[in-house]
Amino acid sequence: MEEEAPHLLEERQKKERRVGLPELANAENGKVVLRFAPNPNGPLSFGHARGIVINGSYAKKFDGELILRFDDTDTSVKPPLIEAYQQIPEEAEWLLGFPPHRIVIASDRMEHYYEYAEMMLERGFGYVCTCSAESFRELRVAKSECPCRNQESEYNMELWNKMLDGTFKPGDSVVRVKTGMDLKNPALRDWPALRMQDTVKNPHPRKEIGSKYRVWPLLDFQSAVEDYLQGVTHIIRGKDLMDSTRKQTLLYQHFGWNYPETMYWGRVKVHEWGGFSTSQMRRDIEAGLFEGWDDPRLPTISALKKRGITSEALRQFWIELGVTQKDISVPLATLYSHNTKIIDDDAPRISFIRNPIKLQISGEHPQEITTLVHPNHESRGNRIFDISNHTVFIEEVDSNKPQLRLKEFADFDLTNDNAEFVSQSRTDKRPIVHWVSENDCHNARLIHPIDGEIMMISGVVENHDYEAGTMVQIERIGYGIIIDNSTIMFTHD
RNA sequence: GCUCGUAUAGUGUAGUGGCCCAUCAUAAAGGACUCUCAUUCCUUUGACCCGGGUUCAAAUCCCGGUACGAGCACCA
C-alpha cells in the first residue's frame, strides 16, 4: 500500500494546526519583494505596526526584501511631517529587528511618475480632464463620458504642459485613466491619476522639494507605478484598498504589466482606544492635549515603546491576528499577555509603596532582611533592607489591616503607626504585604496612564541602580519600566 | 443609491467536503505551587449568523436573507 497509494496513508494523518502567517501565493524564496507605504504625516502608530510586522515577516520568511516607502504626495490634506522621515525608519527597525532593505521616497521620484503619465497620454489610455470635481461626480453616477475623454493625444499633451507650466491652476484639471464609464463599480470609472496642488501656499515640507512641483500623482497612480518600478511581487494591505487594487490592475493592463499578488487584512480597533487617526493625533498634540507623539496615552509606537511594550510582543500580537479580512476589535490584554511572557523571566522585582505610611517597629527583630531580585533565579542576587532604625513604609491601603506579614520579614500586629513584632516565621494566614525600610528607599513616583488620564502616584521606592528602560515587576502592582532613579512608568498588570 | 468584502466560544484564531459532538491563544472561574494581586502548572466554562439547496457526507460548496465593515475624494 505504501508503494501503490501513499496518499491514502497521508490523508489518515491528523491535520496539524497552522501556526504563524498563512501561505503566500506564488512566493519564491529569495525573490519576494514586499513594501509598506505609510504617509509620513506622523510617526508610526499601533495600526501601522501591522503593516510593518506582516510585510516584514514575510520578507524575512522568504529571504526577500521589504521596502519602506514614503507616500508623501499630498501637501495640503495630510501634509507630511518632516521629523517622520527619520523617525519612521527607526521605528520600523525597532519593530522588525532589522532595517528595511530599501527606502523609497515618492517625492524624490516625481520624474518617473511624470514619465509614465506622459506615456499614458501618448498611448491614449489617459486624458487630461478639465471638468470640475462636482460635474465629474455626476457623470460617474450617470455612467456617461465627459467631453475630455475623446481628446486626441496631441491635445492631451498640450493640456498636460499647461498643468506643468502653471497655466492651469489647482482644480482646473486632472489626469484620468481611461477605464470605462460603464463599469459596474462606480469607484473604478475613469479614476484620477494626477492632480495639481498649490505648493506655493502649501509647500512640501522637505525643503529640497518645497514648491518644485505643481503636478502631483495620487495614491493609486503613484503606488501602482512605483510598485512596478521596484519589482514588488506581493502587496499585503488593508481591505479598504481593495478597490485600489482593482483600479491599479486596470492601469497595469493598459501598460501590459502583471499586477502583484495581493492579500488584505480587515479593520482593527482596540477596545481601549477605539479608532485612531494620525491626523487627529497630530491636531491634538498641536493643540496641547498631549505632551507629544510619545505621550503614554497615545497609540503610537513611540508611546508603546516608552511605556514598556516590547517589539517582540508587538510582533507576536500581529502575527497571531494573522491576515484575515474580518473587522475586529481586540483588547489590550492580549498584547499585555504577550509582553508579560517576554519580560517576566528577566524583570527584577522591586517594591514601590503608594501613599506610604510610616511604621515604627517594636520588639526584637532582625536588623537586616535579604530577599531575591528574582524569585525564580537565585543567581540574580539579593535585595537588602536595613531596618536598624526600626522604621518601614507600607501602602496606605495595607495600613488598616490589624494583622499582617511584611513579606520575607515577619508577622506584625498593627496599632496606629506602631507595628508590634510577633514572629519571624509565618504563624497564620494573615495577609502578606510588600514594604520598604526607611534606610533603603527614596521618594519616587509611579506614572500610570489610565482612561485617557495620566495618574501620578507618589510614594517611595526601594533603592536601586537600574538603568532607564529596564523592565521591572513592581511587587503586588504590575510591570513597569524605569524612567529614572525615582520614576517608574506603569506598563500593565 | 451603486460596488466590494467579511461572518467559528466574551475576545482573537485554526479549519478549503468525511480526521470536527471543531484547534490554539486570551479572558473569566476554580485549584496546585509560591512569604507579590507576579511567574509556572492543572481543571472548568464557552462557538460554526439565519433559511434553503447540492452531496452518502457541509463549519467547509451554491443560492437567498440578516448583520457589520469598506470604496464610489483633485486624502493616504
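Chain letters run A, B, ... following the sequence lines, proteins first, then strands; residues in each count from 1.
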Of the listed nucleotides B:rC75, B:rU13, B:rA38, the one nearest the side chain of A:Val77: B:rC75
Side-chain N or O of A:Thr324 closer than 4.0 Å to phosphate OP1/OP2 of B:rU13: yes
A:Arg405 (side chain) and B:rC35 (base): donor-acceptor pair under 3.5 Å: yes
Closest to side chain of A:Leu241, choosing from B:rU39, B:rA76, B:rG71: B:rA76
CA sep, side-chain torsions, deciding dist, call: A:Phe317, A:Phe46, ring pair (Phe, Tyr, Trp, His ring centres under 6.0 Å): CA-CA 11 Å; A:Phe317 174 86; A:Phe46 183 69; 5.5 Å; yes
Separation of B:rC72 C1' from A:Lys143 NZ (nearest whole Å): 13 Å
Nearest-Å distance for atom pair CE/P, residues A:Met196 and B:rC75: 13 Å
Carboxylate-amine/guanidinium proximity below 4.0 Å for A:Asp243 and A:Arg246: yes
Touch class at under 4.0 angstrom, heavy-atom based, for A:Leu188 against every strand present: nothing
B:rC37 to B:rU23 separation - P atoms, rounded to the nearest Å: 33 Å
Close aromatic pair by centroid cut-off 6.0 Å: A:Trp435 and A:Phe385: yes
Side chain A:Arg17 and base B:rU23 donor-acceptor under 3.5 Å: yes
Salt-bridge contact A:Arg69-A:Asp227 (side-chain N to carboxylate O under 4.0 Å): yes
Interatomic distance where CG belongs to A:Asp240 and P belongs to B:rU6 [whole Å]: 15 Å
Length of the line joining A:Phe221:CZ and B:rC74:P, which is rounded to integer Å: 16 Å
Distance between C1' atoms of B:rA9 and B:rU44 (Å, rounded): 14 Å
Closest nucleotide among B:rG69, B:rU36, B:rC4 to the A:Arg476 side chain: B:rU36
B:rG69 OP1/OP2 closer than 4.0 Å to side-chain N/O of A:Lys269: no
Nucleotide nearest A:Lys407 (side chain, heavy atoms from C-beta), chosen from B:rA27, B:rG71, B:rU36: B:rU36
Nucleotide B:rC35, atom P - distance to CG of A:Asn382 in whole Å: 16 Å
Touch class at under 4.0 angstrom, heavy-atom based, for A:Ser132 against every strand present: base
Sugar-phosphate only, base, or nothing, as touched by A:Ser279 at under 4.0 Å among non-hydrogen atoms: nothing
Sugar-phosphate, base or nothing in reach of A:Tyr264, heavy atoms under 4.0 Å: nothing
B:rG52 to B:rA57 separation - P atoms, rounded to the nearest Å: 16 Å
5' priority, RNA chain B, between A:Arg18 and A:Cys131 [closest heavy atom]: A:Arg18
Base paired to B:rC72 (Watson-Crick or G-U; both N/O distances under 3.5 angstrom): B:rG1
Gap in Å between the two C1' atoms, one belonging to B:rC2 and one to B:rU16, rounded: 31 Å
Distance in angstrom units between A:Met242 CE and B:rG71 C1', rounded: 11 Å
Nearest-angstrom distance from the residue atom CZ of A:Phe70 to P of B:rC75: 21 Å
Under-4.0 Å salt bridge between A:Arg315 and A:Glu320: no
Residue A:Arg189, side-chain atoms from C-beta onward, closest of B:rA38, B:rA76, B:rC2: B:rC2
B:rG71 versus B:rA76 - spacing of their P atoms, nearest Å: 14 Å
Stacked cation flag A:Arg206 on A:Tyr85, 6.0 angstrom / 45 deg: yes
B:rC62 versus B:rU6 - spacing of their P atoms, nearest Å: 11 Å
Nearest listed nucleotide, side chain of A:Val330, among B:rU11, B:rC35, B:rC75: B:rU11
salt_bridge(A:Arg349, A:Asp344) N-O dist < 4.0 Å: yes
Touch class at under 4.0 angstrom, heavy-atom based, for A:Glu320 against every strand present: sugar-phosphate
Assigned partner base of B:rA59, Watson-Crick or wobble definition, under 3.5 Å: none
Partner nucleotide, any strand, of B:rU6 [Watson-Crick/G-U, under 3.5 Å]: B:rA67
Base partner of B:rU11, which must satisfy Watson-Crick or wobble distances under 3.5 Å: B:rA25
Of the listed nucleotides B:rU36, B:rA27, B:rA76, the one nearest the side chain of A:Pro375: B:rU36
Inter-nucleotide C1' distance (B:rG18, B:rC24), Å rounded: 23 Å
Touch class at under 4.0 angstrom, heavy-atom based, for A:Asp71 against every strand present: sugar-phosphate
Pair partner, B:rG30 [Watson-Crick or wobble, under 3.5 Å]: B:rC42
Sugar-phosphate, base or nothing in reach of A:Thr73, heavy atoms under 4.0 Å: sugar-phosphate
Which nucleotide in B:rG69, B:rA27, B:rA38 has an atom nearest any side-chain atom of A:Asp327: B:rG69
Any A:Lys326 side-chain nitrogen or oxygen under 4.0 Å from OP1 or OP2 of B:rG12: no
Out of B:rG12, B:rA38, B:rA25, whichever nucleotide has its closest atom nearest the side chain of A:Lys341: B:rA25
NZ or CZ of A:Arg176 within 45° of A:Phe136 ring axis and under 6.0 Å: yes
Donor-acceptor pair, side chain of A:Thr199 and main chain of A:Asn202, under 3.5 angstrom: no
Touch class at under 4.0 angstrom, heavy-atom based, for A:Arg349 against every strand present: base
A:Arg237 side-chain N/O to B:rA70 phosphate OP1/OP2 under 4.0 Å: no
Sugar-phosphate only, base, or nothing, as touched by A:Leu219 at under 4.0 Å among non-hydrogen atoms: base
B:rC20 pairs with, by Watson-Crick or G-U criteria that keep both distances under 3.5 Å: none
Sugar-phosphate, base or nothing in reach of A:Gly322, heavy atoms under 4.0 Å: nothing
Whole-angstrom distance between B:rU11 and B:rA47, as gauged at atom P: 12 Å
Sugar-phosphate only, base, or nothing, as touched by A:Thr340 at under 4.0 Å among non-hydrogen atoms: sugar-phosphate
Side chain A:Gln473 and base B:rU39 donor-acceptor under 3.5 Å: no
Closest to the A:Leu218 side chain, choosing from B:rC75, B:rG12, B:rU13: B:rC75
Pairwise side-chain contact, A:Tyr466 with A:Ile481, heavy-atom cut-off 4.5 Å (strictly under): no
